[in-house]
There are 2 protein chains.
Amino acid sequence: MRLPNHPLTETLSLVRVLHALSDPVRLNLVQSLATKGEQACGALNLNVAKSTASHHFRVLREAGVIQMRPDGTQFLNSLRKEDLEQRFPGLLDAVLRASKADDI
Amino acid sequence: MRLPNHPLTETLSLVRVLHALSDPVRLNLVQSLATKGEQACGALNLNVAKSTASHHFRVLREAGVIQMRPDGTQFLNSLRKEDLEQRFPGLLDAVLRASKADDI
DNA sequence: TCAATAGTTCGATATTTATCGAACTATTGA
DNA sequence: TCAATAGTTCGATAAATATCGAACTATTGA
């Protein structure tokens with residue numbers, strides 16, 4: 001079983017979270033998870049190579065923005081909304097709201 | 001007279017803003033401006049070389065996070081609070097609030 | 001048992017970025 | 001007029017990052 005590491009809510013770093021969100025591919029990914037809910041990696045059409053997509057998922061996971069849970073041959077990804085809200089209140093909502101106002 | 005370029009509020013890019021904020025030196029700088037109000041570059045003790053500080057001010061300015069107005073031999077810097085609030089409501093407040101909760 | 005599916009890891013590469021010191025420019029106050 | 005002050009620009013460098021393809025690993029369904 002592949003169990004990727006997820007940082008604890010209390011240890012999340014603001015700089016890390018902001019950096020994770022400051023890439024067009026990743027922001028697009030986060031936006032998709034926000035609207036579609038839990039999704040497998042492949043279900044999100046990122047228009048990059050598989051290895052590149054894997055890289056971006058890892059950056060988001062290690063920053064604490066998403067969680068990945070194994071499900072058969074795939075991973076189901078979702079936003080850590082509650083955790084982020086607890087650690088950095090209002091931040092994710094503001095980014096998601098902004099990402100709709102922006103073309104990215 | 002040195003008049004640096006400032007992007008229009010309507011053209012601010014979310015990715016650019018998040019990237020500008022995702023550096024420890026710059027986040028610290030933004031935090032200082034938020035608490036102290038308008039400040040000259042030299043008044044903020046960034047603990048980096050003058051040229052490096054200048055670079056960070058430029059990144060923040062070009063992202064639209066700060067505005068710089070010439071005043072004698074120096075520049076007075078301030079946050080573009082209202083502009084950011086208009087373009088990306090709640091974002092700056094959430095980041096500032098988070099930056100207090102975080103060690104950066 | 002085994003092929004198919006879903007991601008990860010690895011090695012390479014090109015780009016971006018943070019950093020510095022030195023030289024430069026602009027403004028003011030004496 | 002000129003020295004002092006405040007930043008900027010330039011050139012160099014080291015580190016981080018986004019990207020890819022190929023090889024690998026883990027899981028399931030037939």
Side-chain angles (χ1 to χ4, degrees), chain A residues 1-7 13-33 36 38-63 65-78 104, chain B residues 1-7 13-33 36 38-63 65-78 104:
Chain A
M1 186 73 89
R2 300 162 295 176
L3 282 173
N5 274 359
H6 289 82
S13 146
L14 178 59
V15 165
R16 246 173 131 80
V17 167
L18 291 174
H19 171 257
L21 294 172
S22 72
D23 174 274
V25 174
R26 291 193 291 265
L27 192 51
N28 183 23
L29 195 166
V30 165
Q31 208 178 210
S32 293
L33 287 182
K36 300 179 184 172
E38 196 176 43
Q39 295 283 317
C41 301
L44 302 160
N45 199 6
L46 301 181
N47 293 323
V48 291
K50 232 167 39 151
S51 52
T52 303
S54 182
H55 161 69
H56 287 305
F57 279 101
R58 183 153 68 118
V59 171
L60 286 168
R61 174 171 51 76
E62 291 182 344
V65 177
I66 66 172
Q67 53 200 345
M68 307 174 71
R69 65 179 182 90
D71 176 49
T73 67
Q74 52 186 21
F75 276 114
L76 293 182
N77 304 281
S78 56
I104 300 182
Chain B
M1 186 74 87
R2 299 162 294 175
L3 282 172
N5 273 358
H6 289 82
S13 147
L14 177 58
V15 165
R16 247 175 131 80
V17 168
L18 291 175
H19 171 256
L21 295 172
S22 73
D23 173 274
V25 174
R26 291 194 291 266
L27 192 51
N28 183 24
L29 195 166
V30 165
Q31 209 179 209
S32 293
L33 288 182
K36 301 179 185 173
E38 197 175 44
Q39 296 284 317
C41 299
L44 303 160
N45 199 6
L46 302 182
N47 293 321
V48 292
K50 232 168 39 152
S51 52
T52 303
S54 182
H55 160 71
H56 287 305
F57 278 102
R58 183 153 67 118
V59 170
L60 286 169
R61 173 171 51 76
E62 291 183 344
V65 177
I66 66 172
Q67 53 200 344
M68 307 175 70
R69 65 181 183 89
D71 175 50
T73 66
Q74 51 187 23
F75 277 113
L76 293 181
N77 304 281
S78 55
I104 298 181

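Naming convention: chains lettered A, B, ... in sequence-line order (proteins, then strands); numbering from 1 in each chain. Note that the structure is a prediction, hence the values are computed from the model and not measured.
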(Q) Which helical stems does DNA chain D take part in, if a stem means at least 3 consecutive Watson-Crick or G-U pairs with both distances below 3.5 Å? (A) C:1-30 with D:1-30

Q) Taking C-beta and beyond as the side chain, do B:R26 and B:H19 meet within less than 4.5 Å on heavy atoms? A) yes

Q. For A:D71 and D:dA26, what is the distance between atoms CG and C1' respectively, to the nearest whole Å?
A. 14 Å

Q. Which residues pass the side chain to side chain contact (heavy atoms under 4.5 Å, CB included) test with B:P4, sequence neighbours left out?
A. B:H6, B:R61, B:M68, B:F75

Q: Let me have a per-nucleotide readout for nucleotides 5-20 of chain C, 5' to 3', with B, S or -, counting only protein heavy atoms under 4.0 Å.
A: BSBBB-------SSBB

**Q.** Where B:L33 and B:N77 come nearest, the two heavy atoms and their spacing
**A.** CD2-O, 3.5 Å

(Q) Any non-hydrogen side-chain atom of B:L44 less than 4.5 Å from a side-chain atom of B:N28? (A) no

Q | Donor-acceptor under 3.5 Å (B:S54 side chain, B:S51 main chain) | A | no

Q) Looking at B:A40 and B:L76, what are the two nearest heavy atoms and their distance? A) N-CD2, 3.8 Å

**Q.** Atom of B:A43, atom of B:Q39 and distance for their closest heavy-atom approach
**A.** CB-OE1, 3.3 Å

Q: Grab the two heavy atoms, one from A:V25 and one from A:D23, that are nearest each other, plus how far apart they are.
A: N-OD1, 2.9 Å

